[in-house]
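Below: one structure, written as structure tokens.
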Amino acid sequence: MDGAGQAKLILTGEHAVVYGHPAIALAVRQGVRVRLQAYDGPTHVVAPITTDERLHQAIDTVLPSTGIQVHIESTVPTGRGMGSSAALSVALVRAWANWQGQALTPETTYAAAMKVERIFHGNPSGIDNTVSAQGGVLWYRKGPPIHFEPLPTPDWELVVLDTKQAGDTKKMVQLVADRFKENRSVLEDIGQLVLEVREVLHDAKELGRCLSLNHTLLCQLGVSNNDLNALVDWSITQGAYGAKLAGAGGGGVVIALTPTPDTLIHQAKQAGISAFKTRVTETSWQ
Ligand code: MEV
């Protein structure tokens, strides 16, 4: 029995969303698929072979302790801010519901996936698992009760540039929390910027300007690093309208908005930078 969840990129509003500000997230092409098979013995993961205790806890949270073999296939790079754990959480919850012949509503999917996300991230806002289950472009505000709204899909494509370093979401969220007093006004500025982004979502040039501004604010929060900053600066010198880190930071990816994505990818390859193009994807992973 199968279940799947989609990967995501946060267009704007990461970290501030944890404190009740709005954010905009995009579901993208990549995703995670979980396959469950009947087994005469304790429930366990067959593939991938992993020592990540959190994965075992996630399995224990959703599935019964005996009778199932779990196969996980993922096209989401882990620790890169692309929501690999949220996609896994949604996939696991859906696979188990399918196994039981149970119909999930969107609300029960987010709620069950949120329990699993907490194992990975401690205090998540819920944006990752919500967009992973929902697909498309999502305006999101943390609850309770959570509020989300699909936004019209823009026609631009993003270039994703990978630092190849894994960031630790739990650690980065804690870092922002530890300096909350100093960070408060920056988080508010991010919240304001998200309102502006919503207005210019379909104007790539203006949106690019906002993305770069968002990156500056994330730097002020202390969640960027030299490699992320170098990729942002490099994209701008190559003609991108704007760029920012996407996700919790401390590693992971940069997203760049450019009038010529293929050229930027070509230039990235020549510069030895790992890059790929992506666009918003409606729910294709169920
Ligand atoms: C992680 O993808 C986004 C953060 O805002 C954390 C969260 O919202 O749970 C950094």
Side-chain angles (χ1 to χ4, degrees), residues 5-28 30-32 54 58 74 76-90 110-111 113-135 137-144 146-148 158 160 162-163 165-180 183-184 186-194 197 211 214-215 217-225 228 244-255 278 280:
Q6 239 170 302
K8 66 89 193 56
L9 287 165
I10 296 197
L11 185 66
T12 184
E14 50 272 269
H15 288 291
V17 69
V18 174
Y19 297 92
H21 296 288
I24 300 175
L26 319 170
V28 292
Q30 291 81 358
V32 174
R54 297 171 308 173
S74 175
V76 193
T78 50
R80 303 294 215 291
M82 292 190 65
S84 59
S85 66
L88 171 70
S89 308
V90 170
Y110 315 136
M114 184 75 165
K115 269 195 200 159
V116 185
E117 263 289 84
R118 286 207 178 93
I119 296 168
F120 288 96
H121 295 322
N123 177 30
S125 66
I127 189 170
D128 292 7
N129 44 293
T130 306
V131 76
S132 171
Q134 183 74 16
V137 184
L138 216 65
W139 171 265
Y140 181 88
R141 208 187 266 270
K142 174 184 157 170
I146 64 166
H147 167 81
F148 66 87
L158 287 172
V160 180
D162 193 349
T163 62
Q165 303 157 9
D168 182 334
T169 299
K170 195 171 180 177
K171 202 168 114 190
M172 300 317 284
V173 168
Q174 190 57 49
L175 191 104
V176 174
D178 289 345
R179 298 182 65 244
F180 180 69
N183 283 335
R184 187 183 205 134
V186 182
L187 293 163
E188 275 162 16
D189 288 349
I190 294 176
Q192 280 303 312
L193 185 62
V194 174
V197 167
L211 295 189
N214 195 165
H215 185 74
L217 293 168
L218 288 164
C219 289
Q220 289 172 19
L221 282 186
V223 298
S224 191
N225 66 21
L228 288 161
K244 68 180 272 288
L245 73 84
V253 297
V254 159
I255 51 175
T278 196
V280 175

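In each ligand, atom 1 is the first atom listed, and ligand 1 is the first ligand listed. Since the structure is predicted, the reported quantities are computational estimates derived from the model, not experimental observations.
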Proximal protein residues to ligand 1, non-hydrogen atoms under 4.0 angstrom: Lys8, Ile10, Glu14, His15, Val17, Val18, Pro124, Ser125, Ile127, Asp128, Val173, Ala248

Tell me, which pairs form a side-chain hydrogen bond (donor to acceptor under 3.5 Å, both in side chains) where one or both residues lie in residues 119-128, sequence neighbours left out? Lys8-Asp128, Ser85-His121

If you measure from NE2 on His21 to CG on Leu193, what distance do you get to the nearest 0.5 Å? 12.0 Å

Gln6 side chain reached by Val28 side chain, heavy atoms, under 4.5 Å: no

How many angstroms lie between atom CG of Leu245 and atom OG1 of Thr163, to the nearest 0.5 angstrom? 10.0 Å

Report yes or no: does Asn129 contribute a side-chain atom to a donor-acceptor pair with the main-chain N or O of Tyr110 at less than 3.5 Å? yes

Ile190 and Ala16: which non-hydrogen atoms are nearest, and at how many Å? CG2-CB, 3.7 Å

